[in-house]
Amino acid sequence: MYRGAVLDLDGTVYRGRDPVPGAPEAIERLRERGLVLLFLSNNPTKSREAYVERLGRMGIEAAASEVLSAGTVTTRYLAEHHAGDSLFVIGSPGLLEQFDEADLAVTDDPEAADALVASYDHEFDYDDMTDAYRAVADGGAFVGSDPDVVIPAGDGRMVPGSGAIVNACAGVLEREPDHVLGKPSPEAVEMAREAMGVPLEDCLVVGDRLNTDLAFGERAGMTTVLVRTGVTDDRRLAGSDLDPDYVLDSLADIDAVLDL
Ligand SMILES: [Mg+2]
């Protein structure tokens, strides 16, 4: 008997603005079976409340306490480890709002920065790379919000995500980031553990991406379910050393796992 499920959002529950067919009903059935649910996205640009609204528009009811994102995890990590530090942030307005709500100190002056935070930023350009270099070339902390190199755009095609920008900064700094939050980081596992309130070992993780969702589940000791509605095709699956416990066409088929 599973006691809970961690559900990825993009590529698992919805694609762009539309729910995956049958996903809202499947989520309802998970609730009816009494499973604790957590929606966990690696998209760092939105607050918990924004996800609640987005899910609501698709007919999926969720409480803010049932949502975590790379933005939430990054914000808490910074509040715990870099409170009072001046942060130079390459990121979206939505991420900066989350930092602001947590009273993190953000600076526009790279020379005054104690740490660099790299994340998805649609306006990212050469000057940002210069600033990233100036912010922490002297050895300050370098933090990424999440490792997703490509992400699905509204039209379903892939575009560069936070991971691409983290990698660009790593390129000019000639070093890897000190921490990358989001899935599959230990910090995300810890926040999920607290939010769920049941042992993660008794829970499912359902997601479409091997190196984030499945790696997260493996790290947490969960039963892992890969869905085919997102970024992972058979070729990628065959080439990966991550081995999902179950592979489903869609979240809509989740009962097949629950009924085993
Ligand atoms: Mg996904």
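When reading the values below, keep in mind they use all heavy atoms of this one structure, side chains included, and skip hydrogens, waters and symmetry mates. Here the structure is a predicted model, which means the values were calculated and not measured. Each residue takes its place number in the sequence, starting with 1. Note that ligands are numbered from 1 as they come in the structure, with each ligand's atoms numbered from 1 the same way.
- Under the 3.5 Å distance criterion, with hydrogens and angles disregarded, a donor-acceptor pair is assigned to the side chains of S162 and D146.
- The hydrophobic cluster around L237 extends to L210, L214, L226, L242, V247, counting ILVMFWY residues whose side-chain heavy atoms fall within less than 4.5 Å of a member.
- Counting only protein N, O or S atoms, 3 lie closer than 2.8 Å to the Mg ion (ligand 1).
- Residues forming a salt bridge (charged side-chain N to carboxylate O under 4.0 Å, His left out) with R3 (at least two apart in sequence, or on another chain): D202.
- Other residues, nucleotides and ligands contribute at most 12 non-hydrogen atoms within 6.0 Å of the CD atom of E176.
- Inspection of the S119 and S145 side chains reveals an N or O donor paired with an N or O acceptor under 3.5 Å.
- Judged as a salt bridge (charged side-chain N to carboxylate O under 4.0 Å, His left out), and not counting sequence neighbours, the contacts of R228 are D234, D249.
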